[in-house]
Amino acid sequence: MQDYKEIAQNNQNIAFEIIEKLKLKEIWNGVGARVYLVGSLKLGLLSKHLDIDFHVYTPTLNIMQSFQTIAEICQNSNIIKADFINLADTDEKCLEWHLYYQDQNKRIWQIDIIQILSGSKYDGYFEKVAEKISACLSPETKDTILKLKYETPDNIKIPGIEYYKAVLQDNITTLDDFYLWRKKHPFSGIIEW
């Protein structure tokens, strides 16, 4: 049986292959966007939850252009579904895309592409958070986070930042302690670091 570190490394390798096949960065760069990989894959903490996160910054939130760009990405036949959420008129100033990619093993990957208005409140925010988290990681804390993510049942979806806060700020090391920590630290909306 594979251990959690091997599973995480294999999934991270596959995630980078998917990104390359979809040409996500090249397609968004082609419309003048700044493109950043964020989230657990960027931090080397992608485990068994098959999720790839990108933040894309554009000078306007042109819905027509956004749909055309996503349509180009969706020409890849492995994309089996796409969801769109318009949050342009909220504090987030973004357009959310959730693409679903079926890999060769029939596993479904969720690819979140958040198109954010350049110069808005969250321009660069999440990239700075990732830098702060990365600066706090050690081989031991990375291992603990991967283990906790692996031990979390598949039917429970927990944002990665909750694991990072629990382990890096409060030294949580077991799943039971993590569940207790979550009860004491309920979050809603954007979790700040």
Side-chain angles (χ1 to χ4, degrees), residues 8 11-47 49-76 78-79 81-101 103 108-137 142 145 149 157-165 168 187-193:
N11 283 338
Q12 290 176 47
N13 292 341
I14 293 167
F16 283 113
E17 289 172 11
I18 291 169
I19 292 167
E20 191 174 311
K21 286 177 185 174
L22 292 177
K23 301 193 180 318
L24 275 161
K25 291 180 181 179
E26 295 85 349
I27 291 170
W28 278 104
N29 286 151
V31 296
R34 293 181 289 130
V35 182
Y36 298 95
L37 179 65
V38 294
S40 59
L41 182 58
K42 169 73 175 175
L43 294 168
L45 295 170
L46 179 74
S47 180
H49 180 65
L50 306 178
D51 186 42
I52 301 169
D53 300 299
F54 278 97
H55 285 176
V56 174
Y57 295 93
T58 54
T60 63
L61 293 179
N62 181 316
I63 292 177
M64 180 75 77
Q65 181 185 58
S66 190
F67 269 84
Q68 289 170 341
T69 306
I70 292 298
E72 187 173 346
I73 294 166
C74 288
Q75 288 185 65
N76 183 299
N78 293 86
I79 299 286
K81 180 181 172 184
D83 293 329
F84 170 73
I85 303 169
N86 185 343
L87 298 172
D89 292 332
T90 69
D91 285 346
E92 283 94 5
K93 300 283 185 227
C94 70
L95 305 175
E96 272 190 31
W97 288 99
H98 305 284
L99 308 181
Y100 299 88
Y101 179 100
D103 70 18
I108 305 300
W109 291 76
Q110 182 173 324
I111 303 168
D112 296 332
I113 302 170
I114 312 303
Q115 182 182 355
I116 302 170
L117 182 65
S118 294
S120 65
K121 176 180 177 180
Y122 290 108
D123 186 342
Y125 173 81
F126 298 98
E127 292 77 13
K128 288 178 184 135
V129 168
E131 288 173 14
K132 290 176 186 176
I133 293 168
S134 185
C136 296
L137 286 170
K142 216 171 174 178
I145 290 166
K149 284 183 167 189
K157 186 171 178 178
I158 299 172
I161 196 162
E162 289 189 36
Y163 293 99
Y164 314 151
K165 281 178 121 8
L168 298 173
F187 294 106
S188 64
I190 293 175
I191 301 171
E192 301 198 357
W193 187 268

key: Nearest-0.5 Å distance, CD of residue Glu96 to CD1 of residue Ile113   = 11.5 Å
Pairing residues for Lys157 by the side chain to side chain contact (heavy atoms under 4.5 Å, CB included) criterion, not counting sequence neighbours = His49, Gln110
message = Show the nearest heavy-atom pair for residues Lys142 and Leu43, with the distance to one decimal.
response = CE-O, 3.6 Å
inquiry  = Could you report the tightest heavy-atom contact between Asp51 and Asp53, atom names first, then the distance?
reply    = OD2-OD2, 3.2 Å
Could you list the donor-acceptor pairs under 3.5 angstrom formed by side chains in residues 25-35, with sequence neighbours left out?
from	atom 1	to	atom 2	distance (Å)
Asn29	ND2	Ala33	O	3.0
Arg34	NH2	Ser118	OG	3.4
Arg34	NH2	Asp123	OD1	3.1
Arg34	NH2	Asp123	OD2	3.0

Among Ile73, Val56, Asn76, Leu37, the one residue meeting side-chain contact (heavy atoms from CB on, under 4.5 Å) with Leu24 = Ile73
request  = Taking side chain to side chain donor-acceptor pair (under 3.5 Å) as the test, write out the residues that go with Thr69, two or more places apart.
outcome  = none
inquiry  = One pair to check against side-chain contact (heavy atoms from CB on, under 4.5 Å): Ile111 and Leu22. What are the steps and the verdict?
reply    = CA-CA 11 Å; Ile111 303 168; Leu22 292 177; 3.5 Å; yes
query = Got a second to check how far His55's NE2 is from Cys94's SG, nearest 0.5 Å?
reply = 8.0 Å
Distance, nearest 0.5 Å, that separates CD of Glu92 from OH of Tyr125 = 11.5 Å
remark   = Smallest heavy-atom separation, Ser40 atom then Lys149 atom, equals CB-NZ, 3.3 Å
request  = Could you tell me which residues satisfy side chain to side chain contact (heavy atoms under 4.5 Å, CB included) with Glu20, sequence neighbours excluded, listed by chain and number?
outcome  = none
key: All side chain to side chain contact (heavy atoms under 4.5 Å, CB included) counterparts of Ala15, not counting sequence neighbours   = Leu41, Leu46, Ile52, Trp109
request  = Please answer whether the main-chain N or O of Thr58 pairs with a side-chain N or O of Gln115 as donor and acceptor at a distance below 3.5 Å.
outcome  = no
key: Sole candidate of Tyr57, Tyr122, Tyr36 that passes side-chain hydrogen bond (donor to acceptor under 3.5 Å, both in side chains) when paired with Glu127   = Tyr57
message = Restricting to side chain to side chain donor-acceptor pair (under 3.5 Å), what partner residues turn up for Gln68, sequence neighbours left out?
response = none
task = Output the distance between atom CG (Leu117) and atom CG (Leu87), rounded to the nearest 0.5 Å.
result = 13.0 Å
query = Who passes salt bridge (Lys or Arg N to Asp or Glu O under 4.0 Å) against Asp91, sequence neighbours left out?
reply = none
task = Sequence neighbours left out, what passes ring pair (Phe, Tyr, Trp, His ring centres under 6.0 Å) with Tyr100? Give chain and number order.
result = none
key: Lys93, NZ atom: more than 12 neighbouring heavy atoms under 6.0 Å   = yes
ask   = With no hydrogens and no angle check, is any side-chain donor or acceptor of Asn86 less than 3.5 Å from a backbone partner on Leu95?
value = no
Which residues share a ring pair (Phe, Tyr, Trp, His ring centres under 6.0 Å) with Tyr163, sequence neighbours left out = Phe178
inquiry  = Before you tell me yes or no, could you show the steps for Leu50 and Tyr101 under side-chain contact (heavy atoms from CB on, under 4.5 Å), namely the whole-Å CA-CA distance, both residues' side-chain angles and the distance that decides it to 0.1 Å?
reply    = CA-CA 10 Å; Leu50 306 178; Tyr101 179 100; over 6 Å; no
ask   = Which residue pairs satisfy the salt bridge (Lys or Arg N to Asp or Glu O under 4.0 Å) criterion with at least one member in residues 60-76, sequence neighbours excluded?
value = none
ask   = Among all residues two or more places apart in sequence or in another chain, which pass the ring pair (Phe, Tyr, Trp, His ring centres under 6.0 Å) test with Phe84?
value = Phe67, Trp97
task = Mind checking side chain to side chain contact (heavy atoms under 4.5 Å, CB included) for Ala82 and listing every partner two or more places apart, or none if nothing turns up?
result = Cys74, Leu99
key: Steps toward side-chain contact (heavy atoms from CB on, under 4.5 Å) verdict (Asn62, Ser66)   = CA-CA 6 Å; Asn62 181 316; Ser66 190; over 6 Å; no
